[in-house]
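The chains referred to below are lettered A, B, ... by the order of the sequence lines, with proteins before strands, and numbering in each begins at 1.
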There are 2 protein chains.
Amino acid sequence: MNVFDAPGITAIGLLYEVHAALSTRFAAQFEEHKLSTVEFEVLTRLARSPQHQLRMTDLAAQTTLSTSGVTRVIDRMERDGLVTRRACPSDRRSSFAVITAAGLQRLNEVLPGHLRIIEEWFTGQLDPESLQALVGALRQVRDAVHPCATAGSDSKCDDETKEPEPAA
Amino acid sequence: MNVFDAPGITAIGLLYEVHAALSTRFAAQFEEHKLSTVEFEVLTRLARSPQHQLRMTDLAAQTTLSTSGVTRVIDRMERDGLVTRRACPSDRRSSFAVITAAGLQRLNEVLPGHLRIIEEWFTGQLDPESLQALVGALRQVRDAVHPCATAGSDSKCDDETKEPEPAA
DNA sequence: CAGCAACTATAGCCAGGTCAATATTCCCCG
DNA sequence: CGGGGAATATTGACCTGGCTATAGTTGCTG
């Protein structure tokens, strides 16, 4: 009966555990600044984008959200003054989400603590070669498993520079 | 501005990416068998428990769910015939969730494919020493970060043999 | 043994997200 | 042109899970 002790299982279990621990730790800090995890991710995505703006669809593609999910998140964040909507001049179907000054400020309030947590809970726990090995192995898996080659994935996944998520 | 290229950030980004890829891949397979991720996890937890049963509270502790969450999941699964409720003879406050024959059968239908995915997407992509390094590094982080020592965590986290999650 | 605090499961309400349907706009091809 | 199909954002219906209140049960303690 103990299929449950297979080597892969324990490795994946660890992966899930670490992911869960980091997620909840991050979320706790975000909450101190009145942000949810997705809101933080939206802010970072916008902050690092060319004009501090991104089309709704692209934002959806860069996060784990669906397009309607993005609509609702942006609704909330607009209500809170963190972002604004802007009509796209070249394509009237599209609209941009733009990060506001308040949004940038909020992000700058959160980031230092975020980085500190990463240092404390993650990088600081590993000697450089362990970290290197970890990154190498993960990259290996990621590349092999890249959504494109498989069924069950509806993401476009063409060239899409899906950068490593900053945190969440 | 580019705080975003810090070494820890890319590592965590990778971790999140791999986790997301595996999760969606698993979920897709579960769905083929009309199961959600949490339902699969409940089935495995029950299947590997002494009498094929677990108190609601313990089930909550072993999963990512709250107790009310467990109540609802068990509601659904009982409706679908995968589990049953059983009164606890020694403590009338408690009740057990028991996996049924149908539940065991469903689990056995899902498991082979689940293991195959793990092999294909994960262990099969890594040479033994990479896998070993990965596990080592993750364990290092996990142990350092174990919920107990930190604020923001309300889990009891006393002795609780929180085994590595089988998959989800 | 009486009362009180802790524990257990559940129900109500809410936040947040997906899916399907819709309206608008764009683009391509006849 | 111009009509049909793809793309885009939004909305409504629904689902899921968390938090909190509630009711029942237990066991300790004075």
Separation of C/dC7 C1' from B/Leu59 CG (nearest whole Å): 17 Å
Restricting to nitrogen or oxygen on both sides, can you table the protein-nucleotides 16-19 of chain C pairs closer than 3.5 Å?
residue: C/dG17; atom: OP2; partner: A/Arg76; partner atom: NH2; Å: 3.2
residue: C/dT18; atom: OP1; partner: A/Thr64; partner atom: O; Å: 3.4
residue: C/dT18; atom: OP1; partner: A/Ser66; partner atom: N; Å: 3.3
residue: C/dT18; atom: OP2; partner: A/Ser66; partner atom: N; Å: 3.3
residue: C/dT18; atom: OP2; partner: A/Ser66; partner atom: OG; Å: 2.8
residue: C/dT18; atom: O4; partner: A/Arg72; partner atom: NH1; Å: 2.8
residue: C/dC19; atom: N4; partner: A/Ser68; partner atom: OG; Å: 3.0

Could you state the atom-to-atom distance from CZ of B/Arg86 to P of C/dT8 in whole Å? 17 Å
Return the minimal non-hydrogen interatomic distance between A/Ala137 and B/Leu126, and the atom names on each side. O-CD2, 3.7 Å
Using every non-hydrogen atom in the two residues, find where B/Ala97 and B/Met56 come nearest and quote the distance to one decimal. CB-SD, 4.3 Å
Measure the distance from CE on B/Met56 to P on D/dG24 and round it to the nearest whole Å. 18 Å
Could you tell me whether the side chain of A/Arg45 and the main chain of A/Leu59 form a donor-acceptor pair under 3.5 Å? no
Could you give the CD-to-C1' distance, from B/Glu78 to C/dT10, as a whole number of Å? 13 Å
Write down the distance between CZ (B/Phe96) and P (C/dT10), rounded to a whole number of angstrom. 13 Å
B/Arg55 has an atom CZ; how far is it from atom C1' of C/dA9, in whole Å? 11 Å
Of all heavy-atom pairs between B/Arg86 and B/Gln53, which one has the smallest distance, and what is that distance? NE-OE1, 3.2 Å
State whether the number of non-hydrogen atoms from other residues, nucleotides or ligands found under 6.0 Å of A/Glu109 atom CD is greater than 12. yes
Quick tally for nucleotides 22-28 of chain C: nucleotides whose base has a protein heavy atom under 4.0 Å get B, sugar-phosphate-only ones S, the rest -, giving ---BS--
Take the protein atom CD of B/Glu41 and the nucleotide atom P of D/dG17, then report the distance between them rounded to whole Å. 11 Å
Tell me the closest heavy-atom pair linking B/Thr24 and B/Ala21, and the distance in Å. OG1-O, 3.0 Å
Base, sugar-phosphate, or nothing: which does A/Thr71 touch, judged by heavy atoms less than 4.0 Å apart? base
Cluster link A/Leu104 to A/Val83, ILVMFWY, side chain under 4.5 Å: yes
Where A/Leu131 and B/Ala11 come nearest, the two heavy atoms and their spacing: CD1-CB, 4.1 Å
Taking CG from A/Asp58 and C1' from D/dT8, how many angstroms apart are they, rounded to a whole number? 11 Å
Find the distance between CD (A/Gln51) and CD1 (A/Ile99) and round it off to the nearest 0.5 Å. 13.5 Å
